[in-house]
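Structure, as structure tokens:
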Amino acid sequence: MMVLFDKPHVRPCVSIPSDGNETNEWIASIPHLYEQLTSPLPLAGASTLPRSRGGDEPRLAAALRAEAPWLGNAIDRIADQAAMQLWAGRPWLAFRPLLLVGPPGAGKTHLARRIGELSGCGSAILSLVGVNSNTELAGNPRGFRHAQPCFPAIAMLRAQRANPVIVIDEVEKAACGDMGDPVGTLLGLARTIHRRPIL
């Protein structure tokens, strides 16, 4: 973590090794396509962590509760983690993996999107409906025609934030196929995040 312009930043990766296509005018090189991931990206959400004036919970939680009071249990968890970030002296939005369970149309995906919008972190949504490969989450290796990094790295690149809200939707509708198990890959990502300190 580093501080630039009085705001915390993180460099997602130090460097991207050459793939030998830097001078090929017909094929875009991977280091060129994803070079922004080697630059510091801001950690967003600081303004939504403090309590609102006259309120008793973080601004983000208060705004979400006003919009979706029926999702109170999930918002309670969000409020606790936002307060913990501020208490720990880490003024940016970071959550442990959160599983939202409820009937269709309850607003789970909308809530996740709103966290990204209200915090300024941005969001990226990946639906696993009918997905039977882990390449959407894990990325494609360099030997593939459309090589790309993992979904969280793509989300950071698109949002231009180091901590976008990543929403994996319809997890129960994924299937394991010859190209890997998306749910297994997701569990691996969750374990990695859980073992690391909260950024």
Side-chain angles (χ1 to χ4, degrees), residues 1 7-10 12 37 40-129 136-137 150-174 182-183 185-187 189-199:
M1 204 262 305
K7 293 183 179 179
H9 285 63
V10 168
L37 292 173
L41 294 176
L43 289 158
S47 64
T48 60
L49 298 180
R51 293 178 180 178
S52 54
R53 187 172 295 171
D56 59 353
E57 64 182 354
R59 292 176 189 150
L60 175 63
L64 293 171
R65 205 176 300 279
E67 293 182 13
W70 60 92
L71 294 172
N73 289 339
I75 296 168
D76 289 344
R77 292 286 307 274
I78 291 164
D80 290 345
Q81 292 191 41
M84 180 63 76
Q85 280 293 108
L86 204 56
W87 175 84
R90 297 173 174 147
W92 55 84
L93 197 66
F95 296 135
R96 297 287 188 196
L98 181 63
L99 179 64
L100 298 176
V101 180
K108 302 180 295 294
T109 304
H110 178 74
L111 178 76
R113 279 181 192 262
R114 289 297 288 153
I115 293 169
E117 291 168 1
L118 292 169
S119 65
C121 294
S123 64
I125 298 181
L126 175 63
S127 174
L128 292 186
V129 173
E136 291 282 344
L137 274 170
C150 63
F151 186 71
I154 295 291
M156 286 187 267
L157 187 63
R158 290 178 182 160
Q160 288 297 292
R161 300 284 184 272
N163 58 336
V165 175
I166 297 173
V167 183
I168 310 299
D169 208 6
E170 307 285 2
V171 173
E172 76 282 4
K173 295 179 181 170
V183 175
T185 301
L186 181 59
L187 288 172
L189 286 171
R191 280 191 209 105
T192 301
I193 293 168
H194 185 68
R195 280 197 299 265
R196 292 181 62 202
I198 297 176
L199 283 176

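In this structure, R114 places its CZ atom where more than 12 heavy-atom neighbours from other residues, nucleotides or ligands lie under 6.0 Å away.
Contact annotation: the side chain of K7 never approaches that of L43 to less than 4.5 Å [non-hydrogen atoms, C-beta and beyond]. Looking at heavy atoms from C-beta onward, L71 lies out of side-chain contact with L64 at the 4.5 angstrom threshold. In this structure, L86 and P50 have side chains that are in contact, with non-hydrogen atoms separated by less than 4.5 Å. Side chains of H110 and E67 form a contact here, defined as non-hydrogen atoms less than 4.5 Å apart. By the 4.5 Å heavy-atom criterion applied to side chains, I78 and E57 are not counted as neighbours. The closest side-chain heavy-atom distance from M156 to P12 is below 4.5 Å.
What you find for L49 and R90 is that their closest heavy atoms are CD1-O, 4.0 Å. Residues A124 and F151 share a closest heavy-atom pair of CB-CZ, 3.8 Å. For the pair P58 and A79, the tightest heavy-atom approach, listed with the atom from each and the gap, is CG-O, 3.7 Å.
Taken to the nearest 0.5 Å, the CG atom of D80 stands 12.5 Å off from the CD atom of Q85. T48 OG1 to I115 CD1: the interatomic distance, rounded to the nearest 0.5 Å, is 10.0 Å. Between F95 atom CZ and C121 atom SG the span is 8.0 Å, to the nearest 0.5 Å. To the nearest 0.5 Å, the span separating CD on E117 from CG on L60 amounts to 11.5 Å.
The side-chain hydrogen bond (donor to acceptor under 3.5 Å, both in side chains) test applied to R59 returns no partner, not counting sequence neighbours.
Each of L99, L100, V101 was checked for a side chain to side chain contact (heavy atoms under 4.5 Å, CB included) with K108, and the lone residue meeting it is L100.
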For residues 161-170, please give each side-chain donor-acceptor pair under 3.5 Å, one per line with the distance, not counting sequence neighbours.
| residue | atom | partner | partner atom | Å |
| --- | --- | --- | --- | --- |
| R161 | NE | G120 | O | 3.1 |
| N163 | OD1 | A44 | N | 2.9 |
| N163 | ND2 | A44 | O | 2.9 |
| N163 | ND2 | L93 | O | 2.8 |
| D169 | OD1 | T109 | OG1 | 3.2 |
| D169 | OD2 | T109 | OG1 | 3.1 |
| E170 | OE1 | K173 | NZ | 3.2 |

